[in-house]
Amino acid sequence: MIDLVETEHQDFPFVNTIALDGPAASGKSTVGERLAEVLGFLFFDTGVMYRAITLAALEAGVPIADENACAALAETTQIDVQSPSVDDGRPNDILIDGIDKTWEIRTPEVDANVSEVSAYPGVRRALTAQQRKIGQRGRVVMVGRDIGTVVMPDARLKIFLDASVEERARRRHVERVARGETSEYDEVLELLRRRDQIDSNRDVAPLCAAKDAVEINSDHLDADEVFELVLNLAQERELE
Ligand code: CDP
């Protein structure tokens, strides 16, 4: 079990760490999970935390527009990531205050509200602190929007994975249909455009590539090709 609140100090922060950033549905999780498995690193998807706080707000009836209340939730909500307890395609169990919410954090309602919640400085402060503690343990592939720029600015390898919004919408739509969910391509596209807009233009930790990140556009690359590229980069930097 990964207790995200647990602290473990190391003298040299962010040794053996990979920061993998990019917009929604750019394929970060797919490549990050494979990379972590091959290297024997922890895979840590920070988007899960922003989704968990958004879900907690929706369930508690906290208005998404109430910045202070959302920040207070981020300070007090316990998010745990554990090995999967059910064989239903989940990479992990996601527990919010001890209750399994693995699939609930992926609903269209959370998708539609998560970028607003993520833009609040108080929410980011609370979650960034927890993410750094995980990074300081080393041997982690951390995935998000601001990992190379803010959370682990000293990461050994930084990747910025991008693709056109149309291609990302197509992938997300196919994913949803494969899970047996109803999905309309045009709606997925519109929502991604809106989330990109908020994620890229917020004042605190906006989505952008770190100066020293390797930028990969995956419009014309399949998942295997992206994985090979990223694995080569990790090996060049002697991550192990
Ligand atoms: O899976 P998908 O790419 O749709 O999104 P995600 O990685 O689960 O992240 C959900 C949302 O959380 C993003 O749209 C961002 O608004 C926010 N996020 C963030 O602000 N910073 C991060 N490090 C990770 C996610």
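Just so it is clear, the model here is predicted, and its values are computed rather than measured. First listed ligand is number 1; within each ligand, the first listed atom is number 1. For reference, positions follow the sequence shown, starting with 1.
Atom 21 (N) of ligand 1 has Arg124 NH2, 2.9 Å as its closest protein atom, hydrogens excluded (heavy atom only). The protein heavy-atom contact nearest to atom 1 (O) of ligand 1 is Arg172 NH2, 3.4 Å. The closest protein non-hydrogen atom to atom 24 (C) of ligand 1 is Thr46 OG1, 3.4 Å. For atom 17 (C) of ligand 1, the closest non-hydrogen atom of the protein is Ser118 OG, 3.1 Å. In terms of protein heavy-atom proximity, atom 23 (N) of ligand 1 is nearest to Asp146 OD1, 2.8 Å. The protein atom (non-hydrogen) at minimum distance from atom 13 (C) of ligand 1 is Arg145 NH2, 3.2 Å.
Residues Leu229 and Phe227 are members of one and the same hydrophobic cluster, defined by side-chain heavy-atom contacts under 4.5 angstrom among Ile, Leu, Val, Met, Phe, Trp and Tyr.
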>> Does Ile99 form a side chain to side chain contact (heavy atoms under 4.5 Å, CB included) with Glu104? I'd like the steps, not just the answer.
In response: CA-CA 11 Å; Ile99 301 171; Glu104 287 86 344; over 6 Å; no
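Counting atoms of ligand 1 from 1 in the listed order, those under 4.0 Å from a heavy atom of Ala24 are 3 (O), 4 (O). For ligand 1 and Gly47, the ligand atoms under 4.0 Å from any heavy atom of the residue are 6 (P), 7 (O), 8 (O), 9 (O), 24 (C), 25 (C). Listed by atom number, the atoms of ligand 1 under 4.0 Å from Ser115 heavy atoms are 14 (O), 16 (O). Residue contact check: Asp199 has heavy atoms under 4.0 Å from atoms 13 (C), 14 (O), 15 (C), 16 (O) of ligand 1.
With a heavy-atom cut-off of 4.0 Å, Lys28 touches ligand 1 through its side chain alone. Of all the heavy atoms of Arg195, the ones lying under 4.0 Å from any atom of ligand 1 belong exclusively to the side chain. In Ala25, the part holding a heavy atom less than 4.0 Å from any atom of ligand 1 is the backbone. Only the side chain of Arg202 comes within contact range of ligand 1, with a heavy atom under 4.0 Å; no backbone atom does.
In this structure Glu215 satisfies the side-chain contact (heavy atoms from CB on, under 4.5 Å) test together with Phe160, Ala209, sequence neighbours excluded.
A salt bridge between Arg194 and Glu116 is present, with a side-chain N of the basic residue lying under 4.0 Å from a carboxylate O of the acidic one. Salt bridge status for Arg34 with Glu37: absent, with no side-chain N to carboxylate O gap under 4.0 Å. Residues Glu175 and Arg171 are not paired through a salt bridge, judged by the lack of any N-O separation under 4.0 Å between the basic side chain and the carboxylate.
Asp199 places no side-chain N or O within donor-acceptor distance of the main-chain N or O of Leu207, the cut-off being under 3.5 Å. Asp80 places no side-chain N or O within donor-acceptor distance of the main-chain N or O of Gln82, the cut-off being under 3.5 Å.
Between Arg51 and ligand 1, a contact under 3.5 Å exists for at least one N or O pair.
Inspection of the Tyr120 and Arg202 side chains reveals no N or O donor paired with an N or O acceptor under 3.5 Å.
Proximity of Gln131 to ligand 1 is not established, as no heavy-atom distance is less than 4.0 Å.
Distance CZ/Arg179 to CZ/Arg106: 7.5 Å, rounded to 0.5 Å.
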